[in-house]
Amino acid sequence: GGGTGLGGGAALEDAAANQGLTVRAYIVDQFRKLSNAYRAGADKGTGARMHGSGRSDAREYHYKQVCAALEHLSDSPDWAELEAIGTQRHGVGGKTIAKLRELWDTGRLGRVDEFSNNPEQVARELLIKVHGIGQSRVVELVRQGVRTISDLRQRTDLSPQTSIWLKYHDQLEQPIPRDHIGEVRDRIGAVASRIDPRLKAIACGSYRRGKMESRDMDVMLILRGAGPGSTEHLEVMARIVPELHADGLLTDDLTTPGKFPQFGKKTAARVTTPSVVQAENSIAYMGICIVGGVHRRLDLRCYPEHQEAPALLHFTGSGDFNRFMSRAANARGFTLSELGLQPSVIKGPAERVPSGPHLELHSEAHIFEILRLEYKDPSERRDKIDVIDSTTGRPFFQTRESRTALPALTDTSRLQAHHPAAIT
DNA sequence: AGGCTGTACTG
DNA sequence: CAGTAC
DNA sequence: GCCT
């Protein structure tokens, strides 16, 4: 053991027990705190020139990977098991093992304590949860002395989105029961089919991943029969949002204020600007709806049928799963997005350019198959470690370079010979 | 030494 | 274009 | 912070 006199991980067990957590859950919680702290600009806000400052986004990313690795530990890991993730898990290195050792010996992480004892850091972590306040604004607001949500409400320079969100702050923080989301999907589906019977509504996000509670609602509309080149689905949003307001489901819009003249006042000034032309073609809507007397965040999108598979995959998430599936796609010579899957090559610094047409994608499973990744049911799409190389049966991202190069996969012409129905 | 997903909307 | 969100 |  370390210098505390409590050997054999006893300090760690005590710390976990004090919070009613398993040792694993406690460790994950500590590292999640680090991830959240760096998301909120832990090494930017103080003005102190900490080692590695300016990399907080990368560290947030790093600690998310660490959390994913830790989630796969047993409930009460011994030291050997903790140490082993350093060699077994891609993205876990020496500094992380040192922190695990610190936890093992003392039950605490000095870094976490440091952050939680810093009022400005605590404020940043609180305020960054507000819609429209990100890594940049949160640093500036806290620098100006904002510490609480009440402080924030006093500001007169908030964006319209932030003001709207603050109206419902308490309600929006509450988890959404699963059946409320199904209900909203059905209501949207009913309105949608009045507008165009070819429309179908699908609830995605954590709902589709099987969660009993969600933070927001993700509903996707698919325009059946619409294919490449069709722009019909773009008009759907412009028509359905006013209907959903009339229906009483929507109460506020967070996006597209200029897109629906009947709900915005800036029409004359904006109608001629390029940004509004773009907004009129928008496929994404973000707003607030009311279900069972409680206001909730709603995201609504509309896609033509030929993009159903990649859109479904993308909006089902999780976000972390998407990230690493996209990285796997990149490693195999593709770019993956909600719009499709297409061969692409790296050209120049940080630039990836398409090297072939979008492929026709029949289903989510088809996307996994093309990428030679093991199909994962929505409920299993959690993190990096759920992205499995189906040629080895092991996680795609491994520490030791045991991943086999697959010439047939990066050879675009042969791939398309197997999947001749590429979309041009 | 550079990169860490890719895309859409706002101001 | 930077900032934000998903 | 870690990987290539």
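Residue numbers begin at 1 in each chain, while the letters A, B, ... track the order of the sequences. Values in this document were obtained by computation on a predicted structure and should not be read as measured data.
- Aromatic ring orientation, A:Phe368 versus A:Tyr375: perpendicular (interplanar angle above 60°, classes split at 30° and 60°).
- Other residues, nucleotides and ligands place more than 12 heavy atoms under 6.0 Å from the NZ atom of A:Lys376.
- Backbone-only contact: A:Gly132 has heavy atoms under 4.0 Å from sugar-phosphate atoms and none from a base.
- Regarding A:Arg323, its CZ atom lies at a distance of 7 Å from the C1' atom of B:dC4, rounded to whole Å.
- Taking a 6.0 Å sphere around CZ of A:Arg215, one finds it holds 12 or fewer heavy atoms contributed by other residues, nucleotides or ligands.
- One interatomic measurement links the two molecules: CD of A:Glu351 to P of B:dG6, which rounds to 12 Å at whole-angstrom precision.
- The pair A:Asp389-A:Arg394 does not count as a salt bridge, with every side-chain nitrogen at least 4.0 angstrom from each carboxylate oxygen.
- Taking CD1 from A:Ile283 and CD from A:Glu338, the interatomic distance works out to 6.5 Å, rounded to the nearest 0.5 Å.
- Among the heavy atoms of the strands lying under 4.0 Å from A:Asp299 are primed sugar atoms or P, OP1, OP2 only; no base atom is included.
- Put simply, CG on A:Leu341 is 13 Å from C1' on B:dG6, counting in whole angstrom units.
- In this structure, A:Tyr63 reaches the sugar-phosphate backbone alone: every heavy-atom distance under 4.0 Å involves primed, P, OP1 or OP2 atoms, never a base.
- Closest contact between the side chain of A:Pro160 and the listed nucleotides D:dC2, C:dC6, B:dG11 involves B:dG11.
- Separating the CG atom of A:Leu254 from the P atom of C:dT4 is a distance of 15 Å, rounded to the nearest angstrom.
- Between the P atom of B:dG6 and the CD atom of A:Glu338 lies a distance of 11 Å, rounded to the nearest Å.
- Counting any heavy atom pair closer than 4.0 Å across all strands shown, A:Arg215 reaches no nucleic acid atom.
- Candidate nucleotides D:dG1, B:dG6, B:dA8 were compared by shortest atom distance to the side chain of A:Ser337, and B:dG6 ranks first.
- If you measure from atom CD of A:Gln65 to atom P of B:dG3, you get 17 Å, rounded to the nearest angstrom.
- Contact annotation for A:Val138: no contact, since no heavy-atom pair falls under 4.0 Å across all strands.
- Counting any heavy atom pair closer than 4.0 Å across all strands shown, A:Gly205 reaches no nucleic acid atom.
- One atom, NE2 of A:His233, and another, C1' of B:dA8, lie 12 Å apart when rounded to the nearest Å.
- Computed from coordinates, the A:His90 NE2 to D:dC3 P distance equals 6 Å when rounded to whole Å.
- The side chain of A:Lys95 sits closest to D:dG1 out of B:dT7, D:dG1, C:dC6.
- Comparing B:dT5 with D:dC3, their P atoms sit 15 Å apart, to the nearest whole Å.
- For A:Ser136, taking side-chain heavy atoms from C-beta onward, the closest of the listed nucleotides C:dA5, C:dG3, B:dC4 is C:dG3.
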